[in-house]
Amino acid sequence: MPQDFDLRINGQNIKIIDARLMQTFDTACDGFTATILCDPVKEPDLYAALKPYHAPRSQVYLDGKLTLTGKLTDPGPSKSASGVVYNIKGFSNTFNFVDSQLVPPYEKTGLALDKLAVDIASQTNTRVIFEGSPGGVFERVTAQQGQTGFEFLNPLAQQRQFSLSCSADGNLLIRQANISQKPVGTIEENGQFQEEFSASFDYRKRFRTCKIISRRWDGAHESVSTDDNINDPRHIQVQANDQVKGGLEANASYQLKRRILESMRKTIPVVGWYAPNNTLWQAGTLVTEISPTLFNPNGWTYFINRVEFSYDGSAGKMANLELIPKEIFSNEPLHEPWFDSDVVDILLQHQNTRLG
């Protein structure tokens with residue numbers, strides 16, 4: 001009977017002491033770590049697979065569901081007074097695309113995002129799955145010497161409001177966030193939250209305006225987006241490598257919202273691997289959070305950008321959810337609950353209820 005966190009190396013089930021799996025929406029690569037034992041005499045096949053730089057096939061199943069396909073990249077041998085363990089780590093097959101620098105020719109012309117992705121990913125034999133309409137072609141884009149496939153393709157994808165993910169079977173998955181889907185449920189700080197959590201809301205990571213500048217064959221074009229919740233004269237400028245004419249306004253809004261995202265990105269620890277709707281937590285889904293401590297007493301629906309699943313023989317199953325505003329991925333205005341006029345009254349009501 002496979003264990004709940006089922007790690008397989010070269011198809012062999014591996015007994016683990018503890019393990020973690022990181023699933024992301026926007027880094028093009030998922031990963032895992034695990035602490036395992038290996039007796040070279042009793043388990044010669046496993047010992048051979050752990051030998052440095054062999055990079056054996058690896059898969060992770062969570063409660064029977066395939067979640068990661070890739071390779072073991074570091075056997076992590078360690079010896080202490082307690083004995084020998086192997087702190088292994090591995091990543092999705094897309095790690096080659098993320099790590100490898102591009103080879104010439106560096107200039108690409110007349111390619112839509114999907115065709116450009118296939119062209120770039122082919123250098124590392126990475127298969128591309130593209131979901132959605134790629135939009136118009138990039139007239140001319142040029143990679144810099146030393147850039148990796150991810151470093152080159154990711155900002156171009158963001159210009160078209162796409163994110164680079166990876167699929168459970170190890171392919172590069174390019175997709176847009178679905179913010180119209182039904183949330184997987186509601187989590188509350190006195191419910192599914194773990195007892196200890198924290199967050200940061202950094203004013204210095206936000207800006208009043210963002211100007212997008214694009215230089216095309218027909219001259220320079222620019223567009224400005226404004227964050228009305230920031231009163232100080234704080235400004236940034238972003239150069240677009242290429243932009244379909246007419247899309248600058250959307251790009252400026254998106255880039256400004258990305259800065260807002262960085263200011264309020266937070267990780268919430270929750271008990272268990274399952275969302276309230278009884279499905280495994282998954283990056284790319286929505287969840288509603290209620291938390292007076294986080295200035296959100298009425299509830300606000302967030303986009304789950306990353307999920308870290310953890311398994312420990314004594315502590316059991318836990319998960320960390322990285323939450324970001326779902327409006328980052330749309331033209332919708334960003335409603336922030338801490339700017340509501342009644343937020344203090346609601347917070348006091350919650351506090352009085354807890355004390356009462």
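- Residues satisfying the ring pair (Phe, Tyr, Trp, His ring centres under 6.0 Å) test with Phe329, not counting sequence neighbours, are Phe303.
- Looking at residues two or more places apart in sequence or on another chain, you find no ring pair (Phe, Tyr, Trp, His ring centres under 6.0 Å) involving Tyr106.
- Remark: Thr226 engages no residue in a side-chain hydrogen bond (donor to acceptor under 3.5 Å, both in side chains) (not counting sequence neighbours).
- Applying the side-chain hydrogen bond (donor to acceptor under 3.5 Å, both in side chains) rule to Asn320 yields the partners Glu308; only residues at least two apart in sequence or on another chain are considered.
- No hydrogens or angles considered: a donor-acceptor pair under 3.5 Å links the side chains of Asn305 and Asp26.
- With sequence neighbours excluded, the residues that form a ring pair (Phe, Tyr, Trp, His ring centres under 6.0 Å) with Trp300 are Tyr302, Trp338.
- Sequence neighbours left out, the pairs with a member in residues 107-130 that pass ring-ring contact (aromatic ring centres under 6.0 Å, His included) are Phe130-Phe162.
- Each salt bridge (charged side-chain N to carboxylate O under 4.0 Å, His left out) pair with one or both residues in residues 262-281, not counting sequence neighbours, appears once here: Glu262-Arg265, Arg265-Glu322, Lys266-Glu289.
- Using a 3.5 Å distance cut-off with no hydrogens or angles, the side chains of Ser163 and Ser165 do not pair a donor with an acceptor.
- With sequence neighbours excluded, no residue forms a salt bridge (charged side-chain N to carboxylate O under 4.0 Å, His left out) with Lys65.
- Of the N and O atoms on the side chains of Ser167 and Asp169, at least one donor lies less than 3.5 Å from an acceptor on the other residue.
- Taking a 6.0 Å sphere around CZ of Arg127, one finds it holds 12 or fewer heavy atoms contributed by other residues, nucleotides or ligands.
- Pairs engaging residues 177-197 under the ring-ring contact (aromatic ring centres under 6.0 Å, His included) rule: Phe193-Phe197 [sequence neighbours left out].
- For residues 31-59, the set of pairs meeting the side-chain hydrogen bond (donor to acceptor under 3.5 Å, both in side chains) definition, not counting sequence neighbours, comprises Asp18-Thr35, Thr35-Asn87.
- Two residues are said to be in side-chain contact when any heavy atoms from C-beta on lie closer than 4.5 Å; Arg208 and Asp227 fail this criterion.
- Side-chain contact between Ile260 and Asn229 is absent, with no heavy-atom pair separated by less than 4.5 Å.
- Residues meeting the salt bridge (charged side-chain N to carboxylate O under 4.0 Å, His left out) test with Lys71, sequence neighbours left out: none.
- Residue pairs satisfying the salt bridge (charged side-chain N to carboxylate O under 4.0 Å, His left out) criterion with at least one member in residues 86-114, sequence neighbours excluded, are listed as follows: Glu107-Arg140, Lys108-Asp119.
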